[in-house]
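Working notes, beginning with the structure itself.
Here the structure is a predicted model, which is why all the values come from computation and not from measurement. A note on names: the letters A, B, ... follow the listed sequences, proteins ahead of strands, and every chain is numbered from 1.
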Number of protein chains: 2
Amino acid sequence: MKKSDKFVVSCQQCGLNALCIPYSLTHEEMDEVDGVVKRGKPLQRGENLFTTGTTFNSFYAIRSGAIKSYNIDENGEEHVIGFSLPGEILGLDAIDTAKHVSSAKALETTSICEIPYSQVETLSSKIHNLQAHMYRLLSREIREDQELQMLLGKKTAEEKIGTFLLNLSLRYEQRKLSSTLFRLPMARTDIGNYLGLAVETVSRVFTRLQCNGGIKVEGKEVEILDRRYLCEIAHSALPNP
Amino acid sequence: MKKSDKFVVSCQQCGLNALCIPYSLTHEEMDEVDGVVKRGKPLQRGENLFTTGTTFNSFYAIRSGAIKSYNIDENGEEHVIGFSLPGEILGLDAIDTAKHVSSAKALETTSICEIPYSQVETLSSKIHNLQAHMYRLLSREIREDQELQMLLGKKTAEEKIGTFLLNLSLRYEQRKLSSTLFRLPMARTDIGNYLGLAVETVSRVFTRLQCNGGIKVEGKEVEILDRRYLCEIAHSALPNP
DNA sequence: CGATTTGTTGATCTTACTCAATAATCGTGG
DNA sequence: CCACGATTATTGAGTAAGATCAACAAATCG
């Protein structure tokens, strides 16, 4: 097996384009990065990848499936922090405390790649482009979180759901999956919890968007019928005009 | 001037304990980190440190004063992202895009330290502890943003304001300033905008908290009278019991 | 196949927004 | 320093968006 092949197998299939930055690493460096990525056994629906308070050793890249990140507050209430789809990375919020500050649960059968943090730390000292990439990765998450804050603080239920659907659509597209027809891996409850809405509101907005011809919903299957209309609803710039 | 003195001058006074990590850097390393930090001329109230879309070259540490980070949306509406107080760092969200994704404006006369990103990148490849620290710094911001998301999505007006005040109190305390008596550097409008509340609601909650003896407000001066009560209102764990 | 969870729809209630009026504070120039 | 206008803050009254409660339908699972 050539080095570049190995790289392709454990890295790009992992959706780890992010970590690997093929355009700026030598084959040798790719191989090194490649070497630290571990493929774990798939998680079953409902299984936890990690839970709050446990020691942070690795972050993870989703290969297939979907993960829900959440926290349980003092009153035992769940708070959904986000959803991770294939090709995305999670666990970066735990670097600072060395303990996981949230829990991560599989929403469906999910296979993941484990990326031991200590090795990334060591490797990124040596490979300058990997370090630069880690900084960008972390920075991007900060920026995305800030966008979400605006969504949560200032937008109406319709704007929240519209933006949520368009965001999912974009993320699937980035992974070469259909951007117009996809399956929501999470329950309505999770969507509501994530967006700060009651389940009933989520349901009602879905129905309303369907009545207006923007989408077609059937259980967890969603089809985006009128992207332009959804963008209007979301009051955000067109992700893909 | 001894090296350690120089370090103290441009670094600790900057509130850059964060960047310097005295406990894990040698004097030589401290001196190197020290060397890249530039002290700029103070900003006057209303002056911008940077604006959305401009090239990102440096991030900044607040030495004194206060900064408001914000964005202007398509409709010309301002959205307040956050406030930076002495000893805190801002601009980390721009690493990814190489352009500033938000604007930063001085809320009062503010002196800052400029930290050229390219130099931190270079230096952190060489000084492993600096790299590790940068990762922690970025990771912490992600975690804090996630906490804010929960606040914005699921909490009532009282919980939001209560948490906001306790958070400010904690941040002042960390910088050895009074945690019980301080001046709000931002307008009510900014607080409301930041927390996703109407100005009027902010005003009303302030009055209500004052009536219940939790705080004393007089214009921008705030005194925390009953921390325990505020914590109850905020429905959060006591930051300092 | 029945039981349990998950999703939808309707009716009512509550929180916080909006609009409006007034009061206080700030900044500026005489 | 004070007077002026402009901005910023407070308070009240009415309204609307979304929460809650409740009932039912549909999907999922053992």
*Checking side chain to side chain donor-acceptor pair (under 3.5 Å) for the pair A/Ser102/A/Ser69: CA distance, chi angles, key distance, verdict?*
CA-CA 6 Å; A/Ser102 54; A/Ser69 297; 5.1 Å; no

*For the residue pair A/Phe182 and A/Tyr172, categorise the inter-ring angle as parallel (less than 30°), tilted (30 to 60°) or perpendicular (more than 60°).*
tilted

*Under 4.0 Å between a Lys/Arg side-chain N and an Asp/Glu carboxylate O for A/Lys105 and A/Glu47?*
no

*Rounded to the nearest 0.5 Å, how far apart are OG1 of A/Thr201 and CZ of A/Arg188?*
13.0 Å

*Once you round it to whole Å, what is the distance between P of D/dT8 and CZ of B/Phe206?*
16 Å

*Does a side chain donor of either A/Asp73 or A/His79 reach within less than 3.5 Å of an acceptor in the other side chain?*
yes

*Return yes if some donor-acceptor pair links the side-chain N/O of B/Glu221 with the main-chain N/O of B/Glu218 below 3.5 Å, else return no.*
no

*Any sub-3.5 Å donor-acceptor pair from A/Ser139's side-chain atoms to B/Asp93's backbone N or O?*
yes

*Once you round it to whole Å, what is the distance between C1' of D/dT7 and CE of B/Met186?*
18 Å

*Can you check the A/Lys68 NZ to C/dT6 C1' distance for me, whole Å?*
13 Å

*Atom-pair distance (CG on B/Leu184; C1' on D/dT10), nearest Å*: 15 Å

_What is the distance, to the nearest angstrom, from the CG atom on A/Leu209 to the C1' atom on C/dG7?_
16 Å

*Answer with yes or no whether the side chains of B/Tyr117 and B/Asn57 bring together a donor and an acceptor at under 3.5 Å.*
no

*What string of B, S and - do you get for nucleotides 13-30 of chain D 5' to 3' if you count protein non-hydrogen atoms under 4.0 Å?*
B----SSBB-------S-

*Which angle, to the nearest 10 degrees, lies between the helix axes at the two ends of the helix from C/dC1-D/dG30 to C/dG30-D/dC1, each defined by five pairs?*
60°

_Atom pair distance, as rounded to whole Å: NZ in A/Lys154 and C1' in C/dC17_ = 15 Å

*Is the backbone N or O of A/Gln146 less than 3.5 Å from a side-chain atom of B/Asp145, with the two atoms forming a donor-acceptor pair by type?*
no

_Tell me the interatomic distance from B/Asn193, atom CG, to D/dA9, atom P, rounded to whole angstroms._
13 Å

*Mind calculating the distance between CD1 (B/Ile161) and P (D/dA9) to the nearest angstrom?*
12 Å

*Any side-chain N or O of B/Thr189 under 4.0 Å from OP1/OP2 of D/dA9?*
yes

